[in-house]
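A, B, ... follow the sequence lines: proteins, then strands. Residue 1 opens every chain.
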Amino acid sequence: MTDATPLDASAPRRDFIREMVADDVATGRFGRAPATRFPPEPNGFLHMGHAKSICLNFGIAKEFGGSCNLRFDDTNPFTEDMKYVESIKRDVQWLGFRWDHEYYASDYFEQLYAIAEALVQKGKAYVDSQTEEEIRVNRGTVTSPGTPSPYRTRSVEENLDLLRRMRAGEFPDGAHVLRAKIDLAHPNMIMRDPLLLRIRREAHHYRRGSTWKIYPLYDFAHGLSDAIEGITRSLCTLEFKDNRDIYDWLVAEAGFTNPPTQIEFARLELDYTVLSKRKLLRLVNEGHVSGWDDPRMPTIAGLRRRGVRPEAIRAFAEVIGVARKDARVEIATFEHAVRDDLNMEVPRRLAVLNPLKVILTNFPEGRVEQLEAQDYPHDVPKTGTRTLPFGRELYIDRDDFMEDPPKKFFRLSPGNEVRLRFGYIIKCDSVVKDATGAIVELHCSYDPETRSGGANSDRKVKGTIHWVSAAHALSCEIRLYDRLFSQPDPDDVPEGQDFLAALNPQSLVVIADAKVEPTVGNDPVGSRYQFERTGYFMSDVEDSRPGHLVFNRIVGLRDSWAKELKKG
RNA sequence: UGCCCCUUAGCUCAACUGGCAGAGCGUCUGACUCUGGAUCAGAAGGUUCCUGGUUCGAUCCCAGGAGGGGCAACCA
């Protein structure tokens, strides 16, 4: 069939999963359209790793004209909560996907129970009454076979009786457990009589209340839920590779014809952060961040709050691709996707993070000029302009002035000239300091001939810096977010410490009184900008309001000056 | 004393199952010249972990070896 398909250069490159799905379609293997599912457990917020899976599952359904369900894998009553299902639904939709059906594994409990009884009837499952400890010990180790439980040979009648009484709530937690009867010496540990059902007599399930006294384990619930829904390809991460054996065993024993099959792919690992709901939950619970939507969190909610657009996340998912090898992705790859998206979308504005006052000594007192400023650079296919007030007193960024600059410093320094973006070329004449020697302001002169767009505006100077008019600028709070951890792999810490030891104390730096051009004052919250030469920002949807503007740094601009400095 | 997965450019990763090995970042060079800490373009860069085998042809298939990872939760 490959010969029959002409090579199409414009066709997107496919990963191994899409290849397999394409093959399913070509051979009619499943006799139905490709069906996938995204199966989160509602015990935490979704993060970047889930985003990868979402893009994969929903993307395949879309590309192949199939379907994708959202199914909550809610089989553990101790950890799950309705607030998480709501956040998950919101996040999936925000990412730009719509599910065909919304399902809950907890709605399949009755069917699962029927399958359990059927397995018992067939002699393929039994009730074990060993303690948790005994079960673990008797499972053996990776290098030695386990020993069968003394209860393994119970009669079908006794098993059935016990199972029904488990369900009826006659036994306390841990008294009995339902196990598949497979092989205690199986080379795959998963297949050593895996547990199917456990007693949770007192548990309160967030959806089923106290009606159920027994709950299925992942292996028992997952594959069968897929089969019930008619999924064709069950996509999961690499660590479930060994579970595939029990997946296949169960759907076959349950009598499903043409059952779904599992394909594993590498989970996402991102530098300088953690992608584990357990760890993210600790960050939230122990107060290391302000919540699941803290802009430093790699959660979908955190990225959204920070200002990242769903387009950037989807583009990122596409570039990292999917493979069968564990993949640790550099944070720079993600930041690149974010910049790449924002660069083409958001208007430019001028903001001064660390204000240093500049007085133009030869500019008439009280005079205000209106300068026209482009919203987008020449290579962005968007247009727009705004007017910037320009006066005798300005603010520039402290970083843009050096009293004793190194060779390649093209910004302002005593006796040197620099262009003010959209404005004039100015020259630094003198530096004013306070008693401690700290620089308090600069006295400069401007060249009236060099106004932007004017007749003689083409005089060249080495650098252009951003500025705001002191009389017109709006004060604002700026939150500079940086990576949450100070090392690429937060888990790589000395013996006896955990990932919290790698937390970056500088991950949030708040600038209480920055200055921004007045044009942004009435923009709605959630507006995004590039503050020229600084980075991309979004006004915070929770805390920003007229009179108290708050901007989150989404991502900085590529910083080649920092590299220059490093080179020394 | 097991079973399974992985090893490709400086780095992080792709490569549609046998047909000239690709991308991002980084590096270098150039362009624009009012983001010079932005943006854009081009280039350099590979013994595809090692050793054998099969084949006209191997990153891909087979055997052995080395290195990394997953599996022994009544979590998912």
Side-chain angles (χ1 to χ4, degrees), chain A residues 2 5 7 11-16 18-19 22-23 39-41 43 73 75-76 78-79 128 132 135-137 139-146 173-174 176-177 179 185-192 195-200 215 217-219 221-222 236 238-245 264 266 271 277-278 319-330 332-333 335-337 339 343 348 350 373-374 377-380 399-400 408 410-411 419-423 425 450 452-453 457-458 460-466 530-535 556-565:
Chain A
T2 46
T5 311
L7 232 57
R13 267 248 159 110
R14 283 172 163 170
D15 51 73
F16 75 99
R18 276 174 243 255
E19 280 307 316
D23 197 55
E41 184 189 11
N43 66 346
D73 232 337
T75 57
N76 183 354
F78 290 160
T79 57
D128 194 359
E132 195 173 337
I135 289 175
R136 196 175 71 248
V137 170
R139 186 151 32 220
T141 70
V142 290
T143 52
S144 62
D173 291 13
H176 306 286
V177 85
R179 286 231 251 175
H186 199 107
N188 178 356
M189 294 294 295
I190 302 277
M191 294 297 271
R192 318 250 261 223
L195 276 63
L196 267 25
L197 252 18
R198 80 287 217 180
I199 299 171
R200 288 285 178 266
Y215 287 85
L217 278 100
Y218 168 83
D219 282 321
H222 196 84
C236 66
L238 248 27
E239 69 270 25
F240 290 99
K241 179 64 206 295
D242 291 335
N243 300 290
R244 193 158 95 199
D245 285 346
E264 309 83 17
D271 279 355
K277 276 196 280 192
R278 210 197 86 248
V319 300
I320 61 175
V322 292
R324 264 174 285 227
K325 187 182 65 171
D326 288 316
R328 175 165 282 277
V329 177
E330 290 178 305
T333 304
E335 292 173 348
H336 180 262
R339 285 190 202 102
N343 177 41
R348 317 290 128 133
L350 302 185
Q374 303 292 323
H378 62 91
D379 52 355
V380 169
D399 288 350
D400 284 333
K408 285 185 165 177
F410 295 144
R411 293 168 266 173
R419 173 173 286 282
L420 295 178
R421 171 126 251 232
F422 306 121
I425 291 174
T450 58
S452 244
S457 68
D458 55 349
K460 303 285 183 281
V461 286
K462 285 283 194 179
T464 300
I465 63 173
H466 54 98
Q530 183 198 101
F531 289 159
E532 295 209 15
R533 304 207 315 130
T534 302
L557 257 22
R558 236 171 80 207
D559 194 346
S560 34
W561 172 248
K563 277 180 304 189
E564 192 68 36
L565 286 180

Practice problem: Return the value, rounded to whole Å, for the distance between atom CZ of A:Arg348 and atom C1' of B:U35. | Solution: 9 Å
Self-check item: A:Thr450 and A:Val461: CA distance, side-chain angles, deciding distance, side chain to side chain contact (heavy atoms under 4.5 Å, CB included) verdict
Solution: CA-CA 11 Å; A:Thr450 58; A:Val461 286; over 6 Å; no
Practice problem: Could you tell me whether A:Lys462 contacts a base, only the sugar-phosphate backbone, or nothing, with contacts defined as non-hydrogen atoms closer than 4.0 Å? | Solution: sugar-phosphate
Nucleotide N/O to protein N/O under 3.5 Å, stretch nucleotides 62-64 of chain B:
none

Practice problem: Any chance you could list the contact pattern along nucleotides 3-13 of chain B? Use B for base contacts, S for sugar-phosphate-only contacts and - for none, protein heavy atoms under 4.0 Å, 5' to 3'. | Solution: SSSSSB--BSS
Self-check item: For the student: nearest non-hydrogen atoms of A:Ala327 and A:Ala266, plus distance
Solution: N-CB, 4.2 Å
Exercise. Select base, sugar-phosphate, or nothing to describe what A:Gln530 touches, counting heavy atoms under 4.0 Å on all strands.
Key: base
Practice problem: Please report the C-alpha distance between A:Val329 and A:Asp271 in whole Å, then the side-chain angles of each, then the deciding distance to 0.1 Å, and finally whether the side chain to side chain contact (heavy atoms under 4.5 Å, CB included) criterion is met. | Solution: CA-CA 6 Å; A:Val329 177; A:Asp271 279 355; over 6 Å; no
Practice problem: Show your working on side chain to side chain contact (heavy atoms under 4.5 Å, CB included) between A:Arg200 and A:Phe78 and close with a plain yes or no. | Solution: CA-CA 9 Å; A:Arg200 288 285 178 266; A:Phe78 290 160; 3.3 Å; yes
Quiz item: Taking for each residue the nucleotide of RNA chain B with the nearest heavy atom, is it A:His176 or A:Glu532 whose nucleotide lies nearer the 5' end?
Solution: A:Glu532
Quiz item: Could you spell out the base pairing of RNA chain B in dot-bracket, with Watson-Crick or G-U pairs whose two distances are under 3.5 Å, [ ] crossing and | to another strand?
Solution: .((((((..((((.....[..)))).(((((.......))))).....(((((..]....))))))))))).....
Exercise. Tell me what A:Phe78 touches on the nucleic acid: a base, only sugar-phosphate, or nothing, going by heavy atoms under 4.0 Å.
Key: nothing
Practice problem: Apply side chain to side chain contact (heavy atoms under 4.5 Å, CB included) to A:Glu41 and list each qualifying residue two or more places apart in sequence or on a separate chain. | Solution: A:Asn43, A:Asn76, A:Thr79, A:Glu80, A:Lys277
Exercise. May I ask you to verify if any side-chain N or O of A:Arg139 is less than 4.0 angstrom from the OP1 or OP2 atom of B:C74?
Key: yes
Quiz item: Of A:Leu195 and A:Pro377, whose closest RNA chain B nucleotide lies nearer the 5' terminus?
Solution: A:Pro377
Quiz item: According to a strict under-4.0 Å criterion, is A:Arg192 in side-chain N/O contact with OP1 or OP2 of B:A73?
Solution: no
Practice problem: Mind calculating the distance between CD (A:Glu239) and P (B:A73) to the nearest angstrom? | Solution: 16 Å
Quiz prompt | Integer angstrom distance from the P of B:U7 to that of B:A41 | solution = 31 Å
Quiz item: Quantified in whole Å, what is the P atom distance between nucleotide B:C4 and nucleotide B:C40?
Solution: 47 Å
Practice problem: Provide the distance between the two C1' atoms, one in B:C11 and one in B:G46, to the nearest whole Å. | Solution: 14 Å
Practice problem: With A:Asp219 as reference, evaluate A:Leu196, A:Ile190, A:Asp245 under the side-chain contact (heavy atoms from CB on, under 4.5 Å) test and give the passing residue. | Solution: A:Ile190
Quiz item: If you round to the nearest 0.5 Å, how far is CZ of A:Arg421 from CD of A:Glu532?
Solution: 4.0 Å
Quiz item: Roughly how far apart are A:Gln530 CD and A:Leu557 CG, rounded to 0.5 Å?
Solution: 4.5 Å
Exercise. Return the value, rounded to whole Å, for the distance between atom CD of A:Glu41 and atom C1' of B:A73.
Key: 13 Å
Self-check item: Protein-nucleotide distance (A:Asp15, atom CG; B:A23, atom P), rounded to Å
Solution: 18 Å
Exercise. Please tell me which of the listed nucleotides, B:C75, B:U35, B:G37, lies nearest to the side chain of A:Arg421?
Key: B:U35
Quiz item: If you look at every heavy atom in A:His466 and A:Arg533, which pair is closest and at what distance?
Solution: CD2-NE, 3.4 Å
Exercise. Can you spot which of A:Asp242, A:Leu238, A:Asn243 makes a side-chain contact (heavy atoms from CB on, under 4.5 Å) with A:Phe240?
Key: A:Asn243
Exercise. Whole angstrom is fine here: how far is it from CG in A:Asp219 over to C1' in B:A76?
Key: 9 Å
Practice problem: Using the C1' atom as the reference point in each nucleotide, state the distance between B:U1 and B:C71 in Å, no decimals. | Solution: 15 Å
Practice problem: Figure out the CG/P separation between A:Asn76 and B:C75, and round it to whole Å. | Solution: 6 Å
Give me the distances for all protein-to-nucleotides 40-49 of chain B N/O pairs that come in under 3.5 Å?
none

Practice problem: Answer with base, sugar-phosphate or nothing: what part of the nucleic acid does A:Thr75 contact at a heavy-atom distance below 4.0 Å? | Solution: sugar-phosphate
Quiz prompt | Closest approach of A:Thr464 to A:Leu420 (non-hydrogen atoms, all atoms of both residues) | solution = CG2-C, 4.4 Å
Quiz item: Whole Å only: how far is the CD1 atom of A:Ile190 from the C1' atom of B:C75?
Solution: 12 Å
Practice problem: Using salt bridge (Lys or Arg N to Asp or Glu O under 4.0 Å) as the criterion, list what pairs up with A:Arg179, not counting sequence neighbours. | Solution: A:Asp128
Quiz item: For B:A73, does either OP1 or OP2 sit under 4.0 Å from a side-chain N or O belonging to A:Arg136?
Solution: yes
Practice problem: Output the distance between atom CZ (A:Arg558) and atom NE2 (A:His336), rounded to the nearest 0.5 Å. | Solution: 7.5 Å
Quiz item: So do the side chains of A:Asn343 and A:Val380 get within less than 4.5 Å of each other, counting heavy atoms only?
Solution: yes
Practice problem: Write down the distance separating the P atoms in B:A66 and B:A23, rounded off to the nearest Å. | Solution: 36 Å
Quiz item: Does the side chain to side chain contact (heavy atoms under 4.5 Å, CB included) test come out yes or no for A:His222 and A:Asp73, once each step is laid out?
Solution: CA-CA 7 Å; A:His222 196 84; A:Asp73 232 337; 2.7 Å; yes
Quiz item: If you measure from the Lys or Arg side-chain nitrogens to the Asp or Glu carboxylate oxygens, is any gap between A:Glu264 and A:Arg324 under 4.0 Å?
Solution: no
Quiz item: For B:C75, does OP1 or OP2 lie under 4.0 Å from any side-chain N or O of A:Thr79?
Solution: no
Practice problem: Quick one: label A:Gly321 by what it contacts on the DNA or RNA (base, sugar-phosphate, nothing), any heavy atom closer than 4.0 Å. | Solution: nothing
Quiz item: If the C1' atom of B:G42 is compared with that of B:U51, how far apart are they to the nearest Å?
Solution: 40 Å
Practice problem: Would you mind classifying the nucleic acid contact of A:Asp173 as base, sugar-phosphate or nothing, using non-hydrogen atoms under 4.0 angstrom? | Solution: nothing
Quiz item: Can you tell me how far P of B:A15 sits from CZ of A:Arg18, to the nearest Å?
Solution: 12 Å
Exercise. Can you tell me, in whole Å, how much space there is between the C1' of B:G69 and that of B:G30?
Key: 44 Å
Self-check item: Aromatic A:Tyr215 / basic A:Arg198 pairing, under 6.0 angstrom, 45° off normal
Solution: no
Practice problem: Compare side-chain N and O positions of A:His336 against OP1 and OP2 of B:C25 and report whether any pair is under 4.0 Å apart. | Solution: yes
Quiz item: Taking atom P in both B:U48 and B:U59, what distance in whole Å separates the two?
Solution: 7 Å
